[in-house]
Number of protein chains: 2
Amino acid sequence: MTRTHEDVSRLPEGKPADEGQAYTRETGAVAVAQALELLGGRWKLEILFQLFGGRVRRFSDLERAIPAVSQKMLAQQLRQLERDGLVHRVVHPQVPPRVDYALTEWGQALCPVLDALLRWQAGRKVER
Amino acid sequence: MTRTHEDVSRLPEGKPADEGQAYTRETGAVAVAQALELLGGRWKLEILFQLFGGRVRRFSDLERAIPAVSQKMLAQQLRQLERDGLVHRVVHPQVPPRVDYALTEWGQALCPVLDALLRWQAGRKVER
DNA sequence: CTGAATCCCGGCGGATACTG
DNA sequence: CAGTATCCGCCGGGATTCAG
């Protein structure tokens, strides 16, 4: 069925046993695709990177840090990140209003993954 | 060569100190975004998963394995994967024609990265 | 069998203006 | 300050047809 070389289907550890089901090639692709969808937005990665390291940023901080993004998109992407559980949103009932954004634990856990992606991409040159 | 950070959150905020230095927060986001673009196509992951483990597949194999994809998209995504250096394309000058697709070494190296992404996504359950 | 070419459509994302 | 509301262009991607 599966010829496991360094196959993704072989998950070394850490997957829930209650399902009793490892990822097949198809569900694996689907699962990764779902994960990628969470990151698919045009600005999500830039936002995430701004938030990495437990940094808490305000809306205007993000606007300043990512000048090319419009308010609409920034708000939209933040909402989606919040809905998807990567970002935590804290509203301070003040005048003027103030909203803080921070990564959830799960969002923080994405950090080493993106780092791995970074290292993978860096190895592009050596192609035969 | 690349300094292997365990944590992207430790990246410096300013510019890199020297040339061979690793990523800043900004260039890191850009680099990851570039990497994600390579995988961004609607069907690329499914194709990649079909190819993982050094499996060589023909065009018609992939069509059968991914029934939902149209010929156009399959061809398009394969071309892009080839152009981006993830997939190797071998044309056999025969009648009827036959084309084999396989991962490049670099493409294979993506496998553990997607695996990490898979494990990250699996840990979504508990959020506080 | 393996594509390229063409037509078509929904939605992402940009620009701008308005609000509490 | 931190967002909504609205309009709109572009392009990713589906269906179908043609070609080597």
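Reminder, nothing fancy here: chain letters follow the sequence lines and each chain counts from 1.
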To the nearest angstrom, the CZ-C1' distance between A:Arg57 and D:dG3 comes to 18 Å
Heavy atoms, side chains only, cut-off 4.5 Å: are A:Thr104 and A:Val87 in contact?
no
A correct 5'-to-3' footprint of nucleotides 12-18 of chain C, with B, S and - meaning base, sugar-phosphate only and no protein heavy atom under 4.0 Å, is -BBB---
One would report the end-axis bend of the helix from C:dC1-D:dG20 to C:dG20-D:dC1, five pairs per end and rounded to 10 degrees, as 40°
Interatomic distance, CG@A:Leu110 vs CD@A:Glu105, rounded to 0.5 Å, equals 14.0 Å
Keeping the roles fixed (side chain from B:Arg98, backbone from B:Pro93), state whether a donor-acceptor pair exists under 3.5 Å. no
- Intermediate values then yes/no, side chain to side chain contact (heavy atoms under 4.5 Å, CB included), A:Leu62 and A:Leu51: CA-CA 9 Å; A:Leu62 295 172; A:Leu51 261 29; 4.2 Å; yes
Rounded to whole Å, CG of A:Leu62 lies from C1' of D:dA2 at a distance of 12 Å
From CG of A:Leu81 across to C1' of D:dG3 the rounded distance in Å is 16 Å
With the threshold set at 4.0 Å, does a side-chain nitrogen-carboxylate oxygen contact exist between A:Asp61 and A:Arg58? no
Residues in residues 88-99 of chain B with a heavy atom under 4.0 Å of DNA chain C, by number, are B:Arg89, B:Pro96, B:Pro97, B:Val99
Between CG of B:Leu38 and P of D:dG12 the distance, given in whole Å, is 14 Å
B:Ile47 CD1 to C:dG3 P, in whole Å, measures 12 Å
Between the CG atom in B:Leu78 and the CE atom in B:Met73, the distance rounded to the nearest 0.5 Å is 10.5 Å
So side chain to side chain donor-acceptor pair (under 3.5 Å) across residues 73-84 of chain A, not counting sequence neighbours, yields A:Lys44-A:Gln80
Rounded to the nearest 0.5 Å, the CG atom of B:Asp115 sits from the CH2 atom of B:Trp120 at a distance of 14.5 Å
Residues at least two apart in sequence or cross-chain that pass ring-ring contact (aromatic ring centres under 6.0 Å, His included) with A:Trp43, listed by chain then number, are none
Linked, directly or transitively: A:Val30 and B:Val113 (ILVMFWY side chains, under 4.5 Å):
no
Between CG of A:Leu74 and C1' of D:dA5 the distance, given in whole Å, is 17 Å
B:Lys44 NZ to D:dG13 P, in whole Å, measures 8 Å
The salt bridge (charged side-chain N to carboxylate O under 4.0 Å, His left out) partners of A:Arg89 (sequence neighbours excluded) come to none
